[in-house]
Amino acid sequence: MTNIKFSNNAYCKMIFHAAKYPHCTVNGVLLAKTHNNRDVELVDCIPLFHISINLTPMAEIALMQIDEYASKKGLIIAGYYVAPENPRETNFDKVYNRISEKIAANCGSSYVVIVNSTIYTVQKGKIPLKIGLYSDGHYKQCENVSVSDDALNICITGINDELYNKLIDFDNHLDDISLDWRNCELNEDFESMS
């Protein structure tokens, strides 16, 4: 049985991405320290798109840059997340994306996270995530998921303070390359709030 742990950065950025664009489907990738089959720590997340999540050339460029960034940090791309604009879409097959397939091809398996985050759900302190392990073309739901109380509190405070407006996804970066898709400023905010 695999234990999956989300850092403050990984959890809050996924939720903030969905909160910033509640009218859109959003997606991104999850970075981890090298993982084994028993313990996975997802330490960061890189928000990708909110305009067209299936834009292949842009996704390839983004993944190449993210892979280079991750390798410099000693991390790997270990998963894919999506927050469907329709919060009732919680079926892994409906949120299937070639990005998760590509990640699995590169690292043997990948985690797919469906974020069902309405602001109400987050403010109630619930963990609005459904996680599956994607391997050999199939999804297996993961049950042992942990998010620290610290991450939940940062998320609630950030939602209330509309901190999610600071989040930069790759679409924003493509519109203005001076915007940093790594979200270093937001990471510093999370650190100061913990």
Side-chain angles (χ1 to χ4, degrees), residues 2-21 25-36 38-50 53 62-63 65-84 95 97 99-100 103-104 106-107 109-117 121-122 125-134 141-159 163-164 166-170 172-173 180-194:
T2 304
N3 300 309
I4 302 167
K5 179 181 177 188
F6 285 88
S7 73
N8 296 353
N9 288 355
Y11 180 74
C12 292
K13 282 197 256 182
M14 281 189 305
I15 303 300
F16 282 14
H17 198 196
K20 185 173 181 179
Y21 302 104
T25 296
V26 299
N27 68 352
V29 295
L30 296 159
L31 305 179
K33 296 177 181 174
T34 46
H35 63 279
N36 56 42
R38 300 236 348 116
D39 295 304
V40 177
E41 183 179 358
L42 299 168
V43 297
D44 204 354
C45 120
I46 306 294
L48 288 176
F49 305 111
H50 67 273
I53 66 167
L63 287 173
Q65 288 187 15
I66 294 166
D67 190 45
E68 183 178 330
Y69 167 76
S71 65
K72 287 179 182 176
K73 296 280 189 179
L75 304 172
I76 60 167
I77 298 174
Y80 169 80
Y81 75 88
V82 62
V95 300
N97 188 290
I99 295 173
S100 59
I103 294 168
N106 286 340
C107 64
S109 63
S110 72
Y111 293 89
V112 177
V113 178
I114 299 173
V115 181
N116 179 5
S117 74
T121 305
V122 173
K126 296 182 179 175
I127 302 172
L129 307 177
K130 181 177 178 182
I131 302 156
L133 176 62
Y134 180 79
Q141 188 164 341
C142 302
E143 300 296 334
N144 287 350
V145 178
S146 66
V147 176
S148 71
D149 289 339
D150 198 27
L152 294 173
N153 292 331
I154 289 170
C155 208
I156 291 168
T157 301
I159 293 285
L163 192 60
Y164 53 82
K166 285 181 149 183
L167 182 121
I168 305 298
D169 68 9
F170 215 84
N172 301 135
H173 173 72
D180 186 3
W181 52 264
R182 298 170 303 164
N183 288 288
C184 297
E185 184 180 336
L186 199 54
N187 291 345
E188 289 172 11
D189 289 341
F190 295 153
E191 192 170 318
S192 70
M193 293 168 74
S194 58

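Keep in mind the model is a prediction, meaning the values are calculated, not measured. By convention here, the first residue in the shown sequence is residue 1.
Two residues are said to be in side-chain contact when any heavy atoms from C-beta on lie closer than 4.5 Å; Tyr81 and Cys45 meet this criterion. Side-chain contact between Pro47 and Phe16: absent, with no pair of heavy atoms (C-beta onward) separated by less than 4.5 Å. Contact of the Asp169 side chain with the Val26 side chain is not registered, since no non-hydrogen atoms from C-beta on lie closer than 4.5 Å. In this structure, the side chains of Ile15 and Ile159 come closer than 4.5 Å at one or more pairs of heavy atoms. Counting heavy atoms from C-beta on, the side chains of Tyr111 and Cys142 come closer than 4.5 Å. Counting only heavy atoms from C-beta outward, the side chains of Ile131 and Val112 never approach each other to under 4.5 Å.
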Residue pair Ile46, Tyr69: steps toward the side-chain contact (heavy atoms from CB on, under 4.5 Å) verdict:
CA-CA 10 Å; Ile46 306 294; Tyr69 167 76; 4.2 Å; yes

Go through Leu75 and Val43 one step at a time and tell me if the side-chain contact (heavy atoms from CB on, under 4.5 Å) criterion holds.
CA-CA 9 Å; Leu75 304 172; Val43 297; 3.5 Å; yes

Chi angles and distances behind the side-chain contact (heavy atoms from CB on, under 4.5 Å) call for Val82, Thr25:
CA-CA 7 Å; Val82 62; Thr25 296; 3.7 Å; yes

Show, in sequence, the C-alpha distance, side-chain angles and deciding distance for Phe6 and Ser146, and conclude whether the side-chain contact (heavy atoms from CB on, under 4.5 Å) test is met.
CA-CA 6 Å; Phe6 285 88; Ser146 66; over 6 Å; no

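Taken to the nearest 0.5 Å, the CG atom of Asp39 stands 5.0 Å off from the CG atom of Asn3. Lys166 contributes atom NZ, which lies 13.0 Å from atom NZ of Lys13 (distance to the nearest 0.5 angstrom). Note that OH of Tyr11 and CG of Leu152 are 5.0 Å apart. Values are rounded to the nearest 0.5 Å. With values rounded to the nearest 0.5 angstrom, Ile66 atom CD1 is found 6.0 Å from Ile77 atom CD1. Here CG of Leu31 is found 12.0 Å from CD of Glu41. Values are rounded to the nearest 0.5 Å. Separating the CG atom in Asn9 from the CG atom in Asp189 is a distance of 10.5 Å, to the nearest 0.5 Å.
Formation of a donor-acceptor pair under 3.5 Å by the Lys33 side chain with backbone atoms of Gly74 is not found in this model. Of the possible donor and acceptor atoms, none in the side chain of Thr157 sits under 3.5 Å from a partner among the backbone N and O of Ile154. With hydrogens and angles ignored, the 3.5 Å screen pairs no side-chain donor or acceptor of Asn153 with any backbone N or O of Asp150. A donor-acceptor pair under 3.5 Å is formed between the side chain of Asn183 and the backbone N or O of Ile168.
The minimum heavy-atom distance between Leu167 and Asn172, with the atom names listed, is O-OD1, 3.9 Å. In this structure, Asn8 and Ala151 approach most closely via the heavy-atom pair OD1-CB, 3.3 Å. Nearest heavy atom pair, residue Pro84 against residue Val115, reads CD-O, 3.6 Å.
In summary, the side chains of Tyr80 and Asn27 do present a donor paired with an acceptor at a separation below 3.5 Å, with no hydrogens or angles considered. No side-chain N or O of His17 forms a donor-acceptor pair with one of Tyr164 less than 3.5 Å apart.
The number of heavy-atom neighbours closer than 6.0 Å to NZ of Lys130, taken from other residues, nucleotides and ligands shown, is above 12.
Taking the six-membered ring where the residue is Trp, the centroids of Phe49 and Tyr21 are separated by 6.0 Å or more.
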